[in-house]
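So the structure is just underneath, and the comments pick up after that.
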Amino acid sequence: MEKKKNLQIITGLNRGGAENHLLELCAGLKKNNFDVEVVVLRNILFLAPKFELIGVTVHCLAIANYLSLRGMFRLLRIIWRFRPDIVHAHLPPAELFAFLTKPFWKCSPRFVITKHLDGYFIDSLRLKLETLTKMI
């Protein structure tokens with residue numbers, strides 16, 4: 001049976017909840033016979049050696065901003081070469097980056113987004129709106 005291919009996309013690999021979750025997820029996928037690769041948008045690679053220890057290839061796009069055309073093309077080349085069955089994005093910048101490149105993937109993987117800490121962004125926005133309305 002052919003291995004399923006899973007491509008994970010995340011903003012960075014710093015120490016954090018989403019990043020640790022991704023490490024555990026990749027370890028579980030490898031144990032279940034998935035071929036897994038990780039794409040990191042920013043040059044934040046603290047946990048990269050741990051991914052490599054479990055046999056996961058880490059690609060770093062090292063983008064300067066989240067609308068980097070060069071970075072998007074590099075992501076597309078990885079997708080075209082790897083031809084994943086599943087593309088899984090974590091954290092809003094990676095979600096946006098994956099979504100913007102989706103029309104050019106040349107394959108039809110399932111696209112999954114995992115929300116991490118969504119409440120923080122909503123609470124922060126609500127607080128800013130409340131402060132703004134008090135000022136008016």
Side-chain angles (χ1 to χ4, degrees):
M1 188 167 125
E2 188 177 325
K3 281 186 175 185
K4 291 282 188 181
K5 295 180 178 180
N6 187 292
L7 184 68
Q8 302 287 331
I9 305 171
I10 193 161
T11 307
L13 288 179
N14 207 352
R15 290 178 273 198
E19 297 82 358
N20 286 320
H21 163 80
L22 181 58
L23 180 60
E24 293 295 321
L25 176 63
C26 288
L29 289 167
K30 292 293 285 184
K31 286 179 185 173
N32 285 287
N33 205 31
F34 277 81
D35 191 3
V36 183
E37 294 189 9
V38 173
V39 174
V40 182
L41 302 185
R42 306 293 302 250
N43 194 17
I44 303 169
L45 299 169
F46 180 81
L47 292 175
K50 292 187 177 192
F51 282 85
E52 291 164 357
L53 270 175
I54 62 170
V56 174
T57 301
V58 175
H59 306 275
C60 181
L61 302 182
I63 63 171
N65 64 65
Y66 296 125
L67 295 176
S68 166
L69 293 177
R70 181 176 176 216
M72 288 182 194
F73 185 69
R74 290 181 69 205
L75 174 60
L76 286 172
R77 283 197 325 237
I78 292 166
I79 291 171
W80 295 339
R81 178 199 47 80
F82 189 55
R83 302 195 58 76
D85 298 293
I86 301 167
V87 173
H88 189 169
H90 305 263
L91 303 175
E95 295 165 15
L96 176 64
F97 216 72
F99 180 76
L100 290 175
T101 62
K102 191 175 184 304
F104 308 101
W105 285 356
K106 294 184 183 177
C107 55
S108 300
R110 293 181 187 226
F111 182 39
V112 178
I113 292 175
T114 295
K115 296 307 253 174
H116 302 272
L117 195 62
D118 201 28
Y120 170 77
F121 297 106
I122 293 169
D123 293 342
S124 176
L125 179 61
R126 187 185 71 224
L127 181 61
K128 288 177 185 176
L129 288 173
E130 286 173 0
T131 304
L132 183 62
T133 55
K134 287 178 185 176
M135 292 171 51
I136 297 176

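Along the sequence shown, the residues carry numbers beginning at 1.
Within 6.0 Å of atom NZ in K4, 12 or fewer heavy atoms from other residues, nucleotides or ligands are found, so the atom counts as exposed in its surroundings. More than 12 non-hydrogen atoms from other residues, nucleotides or ligands lie less than 6.0 angstrom from NZ of K5. Annotation for K102: atom NZ does not count as buried by contact number, only 12 or fewer foreign heavy atoms lying within 6.0 Å. By the neighbour-count criterion of 12 heavy atoms within 6.0 Å, atom CG of L69 is sparsely surrounded, having that number or fewer from other residues, nucleotides or ligands.
A continuous path of hydrophobic side-chain contacts links V36 to L13 [ILVMFWY only; heavy atoms under 4.5 Å]. Transitive grouping of hydrophobic side chains (ILVMFWY, heavy atoms separated by less than 4.5 Å) brings I9 and M72 into a common cluster. W80 and V38 sit in two unconnected hydrophobic clusters of ILVMFWY residues. Membership requires side-chain heavy atoms under 4.5 Å apart, directly or through other members. Both F73 and L7 are members of a single hydrophobic cluster when ILVMFWY side chains are connected at heavy-atom separations under 4.5 Å. L41 and F46 sit in two unconnected hydrophobic clusters of ILVMFWY residues. Membership requires side-chain heavy atoms under 4.5 Å apart, directly or through other members.
Taking each heavy atom of L76 and T101 in turn, the nearest pair found is CD2-O, 3.6 Å. The minimum heavy-atom distance between L100 and P103, with the atom names listed, is O-CD, 3.7 Å. When all heavy atoms of I79 and C107 are compared, the closest pair comes out as CG2-SG, 4.0 Å. In terms of heavy atoms, V40 sits closest to T11 at CG1-O, 3.6 Å. Nearest heavy-atom pair, I86 versus P109, reported as atom, atom and distance to 0.1 Å: N-CB, 3.9 Å. Minimum interatomic distance between G71 and I63 (heavy atoms only, all atoms of both residues): CA-CG2, 3.7 Å.
A distance of 12.0 Å separates CZ of R110 from CG of N6, quoted to the nearest 0.5 Å. Within the model, atoms CG of N14 and CG of L47 stand 7.0 Å from one another, a figure rounded to the nearest 0.5 Å. Between H59 atom NE2 and R77 atom CZ the span is 11.5 Å, to the nearest 0.5 Å. To the nearest 0.5 Å, atom CD1 of residue I78 and atom CZ of residue R74 are 6.5 Å apart. Here the straight-line distance linking atom NE2 of H90 with atom CD of E95 works out to 9.5 Å at 0.5 Å rounding. One finds the CD atom of E2 at 7.5 Å from the CG atom of D85 (value rounded to the nearest 0.5 Å).
At distances below 3.5 Å, not a single donor-acceptor pair connects side-chain atoms of K30 with backbone N or O atoms of I54.
Within the 4.5 Å cutoff, the side chain of L22 has heavy atoms near those of the F51 side chain. The closest side-chain heavy-atom distance from V56 to Q8 is not below 4.5 Å. Within the 4.5 Å cutoff, the side chain of T114 has no heavy atoms near those of the L25 side chain. Side-chain contact check for F99 versus I113: every heavy-atom pair is 4.5 Å or farther apart.
Under the rule for a side chain to side chain contact (heavy atoms under 4.5 Å, CB included), the partners of N43 that lie at least two apart in sequence or sit in another chain are L45, C60, A62. Scored by the ring pair (Phe, Tyr, Trp, His ring centres under 6.0 Å) test, F111 finds W105 as partners (sequence neighbours excluded). Evaluation of the side chain to side chain contact (heavy atoms under 4.5 Å, CB included) rule for N32 yields F34 as partners, not counting sequence neighbours.
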